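First comes the structure, then the notes that go with it.
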Protein chains: 2
Amino acid sequence: MTAEGVARRATIREVAEAAGVSRSTASRALTGHGYVAPQVRDRVRAVAHDLGYVPDATARHLRRQASQSIGVLLSDLNNPFYAGLAAGISQQARKRRYTMMLADDGGSSGLEAEAAETFVALRVAGVIVTPVSAELGAYLSRQRIPVVEVDRQFSAGACDAVLVDNGSAAQRVTQRLIEIGHRRIALVIDEMHWTTGRDRLAGYRSAFAAAGLPLDESLVVTAGWDVEAARVEIRALLTRPDPPTAVFAANNVLAEAAFRTAAELGLAVPGRLSLVSFDDVPWMSMVTPGVTAVRQDTVALGEAAVSQLMERIQSPLAPVRTVLLSASLVERGSTAPPS
Amino acid sequence: MTAEGVARRATIREVAEAAGVSRSTASRALTGHGYVAPQVRDRVRAVAHDLGYVPDATARHLRRQASQSIGVLLSDLNNPFYAGLAAGISQQARKRRYTMMLADDGGSSGLEAEAAETFVALRVAGVIVTPVSAELGAYLSRQRIPVVEVDRQFSAGACDAVLVDNGSAAQRVTQRLIEIGHRRIALVIDEMHWTTGRDRLAGYRSAFAAAGLPLDESLVVTAGWDVEAARVEIRALLTRPDPPTAVFAANNVLAEAAFRTAAELGLAVPGRLSLVSFDDVPWMSMVTPGVTAVRQDTVALGEAAVSQLMERIQSPLAPVRTVLLSASLVERGSTAPPS
DNA sequence: CCTCCCTATGGGATCGATCCCACATCGGCG
DNA sequence: CGCCGATGTGGGATCGATCCCATAGGGAGG
């Protein structure tokens with residue numbers, strides 16, 4: 001009954017004609033801006049409803065020069081960390097009546113550039129990104145599009161960021177391992193130039209420094225992003241003549257690699273090897289023993305990113321801000337004093 | 001150097017003026033449609049590049065009455081199944097130069113309606129949805145927007161769908177349990193009105209029928225969507241005087257509930273209880289023993305949905321089609337003959 | 001009684017890109 | 001020499017919604 005069998009979608013002009021008013025009046029009636037007689041307003045709205053009229057967001061955007069959507073660029077939706085981030089952003093964006101254009105690069109900066117241009121073309125109100133370089137931030141700033149970097153920071157001072165306090169969390173978890181008696185604690189990390197890696201490494205170091213203990217630099221292993229390569233590195237680490245008694249994996253992918261490798265080598269956890277992870281994902285609470293992990297609230301992270309972006313859209317000239325969210329330590333069975 | 005310190009973003013008019021040509025010529029030079037002298041074309045393109053010109057997709061869309069973006073509505077990004085689906089859709093959409101507007105309802109049909117209207121407002125070229133009712137399909141069809149239902153089907157005959165062959169897969173996995181000697185096989189299912197539930201139930205039944213075995217209807221447990229309620233149901237099932245020797249969980253959330261409940265009750269898997277899951281997610285290969293599961297290729301599912309949507313956009317009047325993808329059975333340690 | 005303001009409404013321009021159509025130029029051919 | 005077609009280019013309308021501005025009617029106050 002509503003808009004049944006209509007060849008084309010109704011426009012505001014058709015609504016206006018059907019209601020016997022001008023486009024201007026119809027617009028005022030529908031948007032609620034400006035003078036309209038109450039009865040005219042109701043009639044126009046009724047007609048619009050009957051015709052199944054839905055205003056064209058593109059046309060509105062073009063005229064108003066302000067869009068109601070944000071661009072979101074994440075690394076990898078198959079990783080629960082980023083998926084949770086997307087979920088948080090999505091919830092919060094919807095609450096604020098924004099739509100979300102989502103893209104995921106596979107950590108590739110070529111796709112990052114492509115996505116950036118798409119966002120500019122769509123004239124999004126702002127962009128949230130887990131960056132892989134400083135380029136996206138610089139490019140979008142030049143195009144006058146607000147950017148919030150989330151999880152990682154590449155453009156400190158140039159654009160807002162919402163991060164987890166990687167340093168303190170890494171220090172805390174390392175300190176915990178030291179407290180229960182570990183001295184040979186390996187850090188398996190993706191890389192050390194991004195803020196995530198750098199800060200987690202720094203936290204790990206400062207735990208040793210605070211405890212006044214020497215640090216065996218050979219226990220810091222850079223495993224990169226390739227899972228297979230990481231497993232080879234970890235296997236080499238665990239089969240050394242002087243193996244670590246605990247492994248601190250700097251992200252969930254590396255924790256998985258460490259967990260599987262320990263199982264393959266028949267190293268009992270936590271009997272022969274303690275394991276902790278930065279980033280808590282579902283499997284860590286499913287396995288026996290559970291894996292002790294630093295829990296980042298991804299949904300809160302996403303929500304904070306949206307909030308920060310909205311503030312930036314409101315006040316383009318406000319000072320740049322970096323928001324730090326704290327992480328919590330979830331202790332499970334994978335940690336015990338060394339034997 | 002490029003567009004540095006420009007107050008406003010460059011428009012095609014500014015590019016045209018800077019290149020000393022008309023808007024029309026600039027448009028032809030940039031889009032490649034129509035006659036342009038090669039040297040003029042190159043000059044215009046060079047100028048556009050220097051000005052950091054990015055065409056306004058909204059304006060283009062308004063004029064062409066055809067958008068380059070698709071709407072995607074999924075249930076829950078925190079569930080790896082939907083996240084994988086999103087990843088597949090995203091990849092394939094990018095390949096075809098489409099952008100993706102993503103929304104997730106929490107399985108709520110109120111949000112479904114809201115999202116539908118947003119998609120209409122944005123005049124997306126098409127929509128991919130994991131539906132929770134037939135309403136979205138009906139509404140968008142009335143608005144002449146192509147819809148592809150994915151994973152579940154509510155609008156059979158009215159719009160395209162891309163589904164997993166739930167029936168065969170469920171039959172196969174049930175048959176496998178019967179082969180190794182199980183007779184009391186419980187099916188723990190979310191609900192039975194959606195196609196996913198209905199077809200999985202049907203597959204389960206037909207395995208019994210094919211084997212000429214009677215089916216104890218009391219072993220079919222409808223656990224709904226609430227995780228806590230599901231755990232209560234499963235606990236009741238497993239503590240019956242005549243408990244099942246195997247549990248077939250119809251989705252990954254229920255499998256998690258079953259796995260945890262079995263652990264709480266101290267039921268050895270697979271010694272006392274065999275467990276199989278429909279839907280393979282990461283933790284199932286991390287735990288010991290691994291969980292035997294029906295593996296749905298979520299990425300392929302997402303890609304197929306995009307392909308189907310693109311065909312529909314090309315040929316709006318082609319007959320409606322339902323694409324069925326097969327699933328594979330991944331046998332792990334959670335299944336063994338009953339003791 | 002006239003002016004002024006308030007309430008309502010309509011006309012037309014505008015946002016940025018596209019594209020139809022008109023027109024201009026030039027070479028070739030009858 | 002004139003006409004035609006091929007090659008290029010520019011003007012103006014258009015997509016749909018918004019919003020400034022003009023205008024009209026009516027009531028109140030001087």
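The figures that follow rest on heavy atoms only: side chains count, while hydrogens, waters and symmetry mates do not. Everything numeric in this text was worked out from a predicted model, so none of it was measured.
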Next on the checklist: Check the orientation of W194(B) and F154(B). Use parallel for under 30°, tilted for 30 to 60°, and perpendicular for over 60°.
Outcome noted: perpendicular

Next on the checklist: Please compare R63(A) and V40(B) by the position of their nearest nucleotide in DNA chain D and report the one closer to 5'.
Outcome noted: V40(B)

Item to check | Distance, rounded to the nearest Å, where E14(B) contributes CD and dC15(C) contributes C1' | outcome: 13 Å

Checklist entry - Closest to the Y35(A) side chain: dA8(C), dA17(C), dG10(C)? => result dA8(C)

Checklist entry - Do the side chains of E117(A) and V54(B) get nearer than 4.5 Å, heavy atoms only? => result yes

Checklist entry - How about R13(A): does its CZ atom have over 12 heavy atoms from other parts shown lying under 6.0 Å from it? => result no

Item to check | Gap between atoms CD and P, on Q68(B) and dT18(C) respectively (whole Å) | outcome: 12 Å

Next on the checklist: Please tell me if R64(A) has a side-chain N or O lying less than 4.0 Å from either OP1 or OP2 of dC19(D).
Outcome noted: yes

Checklist entry - Is there a donor-acceptor pair under 3.5 Å between the side chain of Q296(B) and the backbone N or O of V164(B)? => result no

Item to check | N or O in side chain of S27(A) less than 4.0 angstrom from dA17(D) OP1/OP2 | outcome: no

Checklist entry - For dG10(C), does OP1 or OP2 lie under 4.0 Å from any side-chain N or O of S22(A)? => result yes

Checklist entry - dG8(D) P sits how many Å from R41(B) CZ, rounded? => result 11 Å

Item to check | Side-chain N or O of Q65(B) closer than 4.0 Å to phosphate OP1/OP2 of dG16(D) | outcome: yes

Next on the checklist: Considering every strand and a 4.0 Å limit on heavy-atom distances, what is the contact class for T58(B): base, sugar-phosphate, or nothing?
Outcome noted: nothing

Item to check | Rounded distance in Å - CZ (R28(B)) to P (dT7(D)) | outcome: 14 Å

Next on the checklist: Please determine whether any donor N or O and acceptor N or O are separated by less than 3.5 Å between the side chain of R9(A) and the base of dG16(D).
Outcome noted: no

Checklist outcome for this item: Rounded to whole Å, CG of D56(A) lies from P of dT14(D) at a distance of 18 Å

Checklist outcome for this item: Taken to the nearest whole Å, CZ/R23(B) to P/dC20(C) is 15 Å

Next on the checklist: Just checking E135(A): does its CD atom have more than 12 heavy atoms from other residues, nucleotides or ligands closer to it than 6.0 angstrom?
Outcome noted: no

Checklist entry - Whole Å only: how far is the CG atom of L62(A) from the P atom of dT14(C)? => result 14 Å

Checklist entry - Would one find a side-chain N or O of S24(B) under 4.0 angstrom from OP1 or OP2 of dG11(D)? => result no

Checklist outcome for this item: Taken to the nearest whole Å, CZ/R13(B) to C1'/dT14(C) is 11 Å

Checklist entry - Touch check for T11(B), heavy atoms < 4.0 angstrom, all strands: base, sugar-phosphate only, or nothing? => result sugar-phosphate

